[in-house]
K.L.:
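Here you go, one structure.
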There are 2 protein chains.
Amino acid sequence: MVMKSEIQVFREYIRGRRLRRTPEREQILQEIFEIHGHFDVDELHLKLRDKGSKVSKASIYRALPLFMDCGLVREVDFSDGHWHYEHIYGHARHSHLRCLGCGEVLEFEEPGMGRLEAHLAREYGYRIKGHQLQVQGLCATCQEAE
Amino acid sequence: MVMKSEIQVFREYIRGRRLRRTPEREQILQEIFEIHGHFDVDELHLKLRDKGSKVSKASIYRALPLFMDCGLVREVDFSDGHWHYEHIYGHARHSHLRCLGCGEVLEFEEPGMGRLEAHLAREYGYRIKGHQLQVQGLCATCQEAE
DNA sequence: AGTATTATTGTAATTGATTCTCAATTACAT
DNA sequence: ATGTAATTGAGAATCAATTACAATAATACT
């Protein structure tokens with residue numbers, strides 16, 4: 001069975017919510033899924049500009065919560081003063097390992113997080129909605145440079 | 001063997017760095033260790049005011065990185081637009097489970113994180129410096145209210 | 001198709017957390 | 001004591017993110 005495209009997912013979400021399907025939102029979404037890896041609002045806005053799109057930053061800020069709400073995108077915290085994002089639709093769950101020296105970001109699988117979530121649900125009566133895990137360290141190169 | 005107090009830890013850090021020991025910094029640190037749980041800069045500033053202290057927010061913002069640097073305090077991310085903090089000296093490692101409905105925050109042990117860090121170090125050649133894990137969900141009460 | 005309704009847009013102003021500037025103060029070494 | 005350099009408080013500046021508002025455009029309803 002074939003997976004729905006992100007645009008399809010988004011259109012269904014829009015319809016279900018009685019929101020409106022606009023070219024701006026779909027441009028933004030398409031651009032997000034063409035970006036490999038992480039991005040922030042500025043980067044996304046610049047990329048859209050480069051392709052001739054006139055979408056404003058405000059619209060990007062307004063669209064992102066929608067994409068997050070329908071599970072296409074999520075926030076990523078790099079603790080550098082502003083939010084980063086990444087598309088997650090069709091991706092394996094992963095977390096980020098970031099080098100404090102050079103800023104390199106690696107992705108890694110999260111063995112055991114499913115079990116942890118189940119444990120928390122049982123232990124505290126919570127319905128788990130999601131989690132974020134970030135790990136920081138020094139990459140091999142930056143260790144030498146110390 | 002008795003554990004050093006947080007003030008002692010901080011004074012040693014200050015001395016080692018050729019920084020200066022000031023009443024402001026020590027007031028802030030003391031207040032932090034009297035707070036049970038998490039706080040943000042505003043709350044901390046108000047508590048200090050209430051006790052008659054005149055420390056400015058700027059000094060709090062300047063002191064926090066020092067406390068974090070010497071392992072007494074850490075940032076906590078509740079994804080609500082600003083940073084929260086907590087003292088960690090003498091505490092077991094823990095992460096936070098936060099209810100998206102009412103904002104309740106529970107702490108839980110992190111089984112397996114040590115193993116995960118060791119694995120990442122081996123796999124990617126990183127020297128691991130730390131990690132953050134947050135889990136979100138709905139508590140029993142907020143599930144019913146839905 | 002034509003019109004009414006109301007969501008969405010871009011622009012610019014605003015907010016709010018954090019950082020910075022600067023002059024005055026103060027801790028520490030000599 | 002004195003010189004120095006770090007630290008302080010106050011307020012200005014910064015910067016990401018949000019919001020107000022008037023214009024536009026997508027959908028619903030004739």
Side-chain angles (χ1 to χ4, degrees), chain A residues 7 10-32 38-49 51-70 73-86, chain B residues 7 10-32 38-70 73-85:
Chain A
I7 290 281
F10 184 60
R11 287 181 181 168
E12 283 174 20
Y13 169 83
I14 284 291
R15 213 175 320 122
R17 291 268 179 144
R18 300 272 157 74
L19 300 175
R20 288 176 187 175
R21 175 177 154 184
T22 70
E24 288 83 357
R25 287 173 175 166
E26 300 203 343
Q27 277 171 35
I28 297 169
L29 184 59
Q30 189 186 342
E31 190 58 41
I32 287 176
H38 323 96
F39 62 91
D40 61 25
V41 170
D42 262 348
E43 288 163 13
L44 179 56
H45 187 231
L46 283 176
K47 289 223 161 115
L48 283 160
R49 286 261 131 140
K51 300 207 174 163
S53 168
K54 296 254 192 337
V55 237
S56 70
K57 269 194 204 174
S59 292
I60 295 175
Y61 277 114
R62 287 187 278 231
L64 283 169
L66 304 179
F67 302 151
M68 291 193 277
D69 199 37
C70 58
V73 168
R74 76 167 171 191
E75 290 172 333
V76 181
D77 170 27
F78 290 157
S79 299
D80 66 345
H82 66 279
W83 286 108
H84 297 247
Y85 303 85
E86 67 182 0
Chain B
I7 289 282
F10 183 60
R11 286 181 183 168
E12 284 174 19
Y13 169 83
I14 284 290
R15 211 174 322 122
R17 289 268 179 144
R18 303 269 155 75
L19 300 174
R20 287 178 188 176
R21 176 179 155 181
T22 71
E24 288 83 359
R25 286 173 176 167
E26 299 203 344
Q27 277 171 35
I28 296 169
L29 184 58
Q30 189 187 340
E31 189 58 40
I32 287 175
H38 322 96
F39 62 91
D40 61 25
V41 170
D42 262 347
E43 288 163 13
L44 179 55
H45 187 231
L46 283 177
K47 288 222 161 119
L48 282 160
R49 288 261 132 142
D50 288 349
K51 300 207 173 163
S53 168
K54 296 254 192 341
V55 237
S56 68
K57 270 195 202 173
S59 292
I60 295 176
Y61 277 113
R62 288 186 279 230
L64 283 168
L66 303 179
F67 302 151
M68 292 194 276
D69 199 35
C70 58
V73 168
R74 76 167 171 189
E75 291 172 332
V76 181
D77 170 28
F78 290 157
S79 298
D80 66 345
H82 66 278
W83 286 109
H84 297 246
Y85 303 86

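Residue numbering restarts at 1 for every chain, and letters A, B, ... go by the order of the sequence lines.
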K.L.:
Calculate the interatomic distance between K54(B) atom NZ and dT25(C) atom C1'; express it in whole Å.
P.N.:
16 Å

K.L.:
How close or far is atom P of dA17(C) from atom CZ of R62(B), stated in whole angstroms?
P.N.:
18 Å

K.L.:
Round to the nearest Å and state the distance from W83(B) atom CH2 to dT18(C) atom P.
P.N.:
9 Å

K.L.:
Quick one: on DNA chain C, does L66(A) or I14(B) contact a more 5' nucleotide (nearest heavy atom)?
P.N.:
L66(A)

K.L.:
Does Y61(B) make a side-chain N or O approach to OP1 or OP2 of dT18(C) shorter than 4.0 Å?
P.N.:
yes

K.L.:
Output the distance between atom CG (L64(A)) and atom CG (D69(A)), rounded to the nearest 0.5 Å.
P.N.:
12.0 Å

K.L.:
Can you measure H84(A) atom NE2 to dA16(D) atom C1' for me and round it to whole angstrom units?
P.N.:
11 Å

K.L.:
Per the atom types in the model, does the base of dA5(D) pair as donor or acceptor with the side chain of R20(B) at under 3.5 Å?
P.N.:
yes

K.L.:
Between S53(A) and Q27(A), do the side chains contain a donor N or O and an acceptor N or O under 3.5 Å apart?
P.N.:
yes

K.L.:
Can you tell me how far P of dT7(D) sits from CD of Q27(B), to the nearest Å?
P.N.:
16 Å

K.L.:
Taking the minimum atom-to-atom distance to the side chain of A58(B), which one of dT7(D), dA27(C), dA10(D) wins?
P.N.:
dA10(D)

K.L.:
When all nucleic acid strands are considered with a 4.0 Å heavy-atom cut-off, which category describes R25(B): base, sugar-phosphate, or nothing?
P.N.:
sugar-phosphate

K.L.:
Take the protein atom CZ of R21(B) and the nucleotide atom C1' of dA29(C), then report the distance between them rounded to whole Å.
P.N.:
16 Å

K.L.:
Using a 4.0 Å heavy-atom cut-off, does K57(A) contact any base of the nucleic acid, only the sugar-phosphate backbone, or nothing at all?
P.N.:
nothing

K.L.:
What integer distance in Å separates H82(B):NE2 from dT18(C):C1'?
P.N.:
12 Å

K.L.:
Assess the residue pair H38(A) and F78(A) against the criterion (side chain to side chain contact (heavy atoms under 4.5 Å, CB included)); give the C-alpha distance rounded to whole Å, side-chain angles, the decisive distance to 0.1 Å, and a yes or no.
P.N.:
CA-CA 10 Å; H38(A) 323 96; F78(A) 290 157; 4.0 Å; yes

K.L.:
For dA6(D), does either OP1 or OP2 sit under 4.0 Å from a side-chain N or O belonging to T22(B)?
P.N.:
no

K.L.:
Can you figure out which of dG9(D), dA12(C), dT9(C) approaches the side chain of S56(B) most closely?
P.N.:
dG9(D)

K.L.:
Identify the two heavy atoms, one from V55(A) and one from R49(A), that lie closest to each other, and give their separation to 0.1 Å.
P.N.:
O-NH2, 4.2 Å

K.L.:
One pair to check against side chain to side chain contact (heavy atoms under 4.5 Å, CB included): W83(B) and D77(B). What are the steps and the verdict?
P.N.:
CA-CA 6 Å; W83(B) 286 109; D77(B) 170 28; 3.8 Å; yes

K.L.:
For L64(B) and dT19(C), what is the distance between atoms CG and C1' respectively, to the nearest whole Å?
P.N.:
13 Å

